[in-house]
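Scroll down for the structure; my scribbles are underneath it.
Quick caveat: nothing in here was measured; it's all calculated off a predicted structure.
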Amino acid sequence: MNTLIAVAIAPIGIGDELSDEVAEVIRVIRESGLPNRTSAMFTEIEGEWDEVMKVVKEATLVLAGKGLRTEVVLKADIRPGYTNMLHGKVEKINNLLGNESEHAP
């Protein structure tokens, strides 16, 4: 069943700058081979439920496996019969807006 998730995985209680740890998490997600996209606050991953959740688990264990307290925020959109939601949802909105820039002032 196709699943699109938005996930944020980060250590907590280790300081203000978390870029190195977050980069380790994102590396696992990107190396998974599943379609993904990273923004300032979340990384979206699309695929079959079990595949996506396996990647979330592996990415979480990158930090938790080091003994770091790890926070996971996850939102899932399970939509049977649909694929390419990672790009299709954004394209649909852009078409409705007449292809206006995503970054309008």
Side-chain angles (χ1 to χ4, degrees):
M1 184 171 322
N2 193 61
T3 303
L4 177 62
I5 67 152
V7 65
I9 303 169
I12 55 176
I14 67 165
D16 293 333
E17 184 53 51
L18 306 175
S19 296
D20 291 337
E21 291 81 10
V22 171
E24 290 182 60
V25 167
I26 293 171
R27 180 176 291 114
V28 170
I29 293 168
R30 290 183 179 174
E31 290 176 354
S32 74
L34 293 177
N36 65 83
R37 173 176 54 208
T38 299
S39 66
M41 294 186 60
F42 286 93
T43 297
E44 297 169 301
I45 311 167
E46 184 170 4
E48 292 297 312
W49 173 264
D50 289 339
E51 294 173 328
V52 170
M53 295 312 290
K54 179 178 183 260
V55 172
V56 169
K57 180 180 179 180
E58 290 171 355
T60 300
L61 292 178
V62 165
L63 303 179
K66 293 180 179 183
L68 297 173
R69 184 176 184 185
T70 305
E71 178 180 72
V72 178
V73 177
L74 184 137
K75 180 177 181 180
D77 181 359
I78 300 117
R79 195 165 183 197
Y82 285 79
T83 58
N84 194 31
M85 293 188 307
L86 184 68
H87 302 289
K89 286 179 150 191
V90 175
E91 289 169 6
K92 183 179 278 189
I93 295 301
N94 285 338
N95 287 337
L96 290 170
L97 293 173
N99 295 318
E100 294 175 18
S101 172
E102 289 182 46
H103 308 288

How far apart are the closest heavy atoms of Ala6 and Phe42, and which atoms are they?
-> C-CD2, 3.9 Å
Same cluster for Ile5 and Met85 if Ile/Leu/Val/Met/Phe/Trp/Tyr side chains link at under 4.5 Å?
-> no
With the 4.5 Å side-chain cut-off for hydrophobic clustering, are Leu34 and Leu86 part of the same group?
-> no
Taking all non-hydrogen atoms of both residues, which atom of Leu63 and which atom of Pro11 are closest, and how far apart?
-> CD1-CD, 3.4 Å
Shortest non-hydrogen contact from Pro80 toward Met1 | CG-SD, 3.8 Å
Should Thr38 and Arg30 count as side-chain neighbours, where that means a heavy-atom distance under 4.5 Å?
-> yes
Roughly how far apart are Leu18 CG and Glu71 CD, rounded to 0.5 Å?
-> 10.0 Å
About how many Å separate OG of Ser32 and CD of Glu58, when rounded to the nearest 0.5 Å?
-> 8.0 Å
Val7 vs Val72, side chain to side chain contact (heavy atoms under 4.5 Å, CB included): CA-CA, chis, key distance, verdict = CA-CA 7 Å; Val7 65; Val72 178; 4.0 Å; yes
In this structure, OG1 of Thr70 is separated from CD1 of Ile9 (nearest 0.5 Å) by 8.5 Å
Would you sort out whether Lys66 and Glu24 count as a salt bridge (Lys or Arg N to Asp or Glu O under 4.0 Å), showing the intermediate values?
-> CA-CA 12 Å; Lys66 293 180 179 183; Glu24 290 182 60; 2.7 Å; yes
Spatial distance of atom NZ (Lys92) from atom CG (Asn94) [nearest 0.5 Å] | 12.5 Å
Would Ile78 and Val52 show up in the same hydrophobic cluster when neighbours are defined by side-chain heavy atoms closer than 4.5 Å?
-> yes
Evaluation steps, side chain to side chain contact (heavy atoms under 4.5 Å, CB included), between Asp77 and Thr3 | CA-CA 6 Å; Asp77 181 359; Thr3 303; over 6 Å; no
Asn2 and Glu48 side chains, donor-acceptor separation under 3.5 Å = no
Counting heavy atoms not belonging to Arg37, are there more than 12 under 6.0 Å from its CZ?
-> yes
If you take all heavy atoms of Glu21 and Glu17, which pair is closest and at what distance?
-> OE1-O, 4.0 Å
Step by step, work out the side chain to side chain contact (heavy atoms under 4.5 Å, CB included) result for Arg69 and Ile14.
-> CA-CA 9 Å; Arg69 184 176 184 185; Ile14 67 165; over 6 Å; no
In Å and rounded to the nearest 0.5 Å, what is the CG to CE distance from Asp50 to Met53?
-> 9.5 Å
Nearest-0.5 Å distance, CG of residue Asn36 to CG of residue Leu4 = 11.0 Å
Can you get from Ile26 to Ile45 by hopping between Ile, Leu, Val, Met, Phe, Trp and Tyr side chains that sit under 4.5 Å apart?
-> yes
Co-membership, hydrophobic cluster, residues Val55 and Trp49, 4.5 Å side-chain | yes
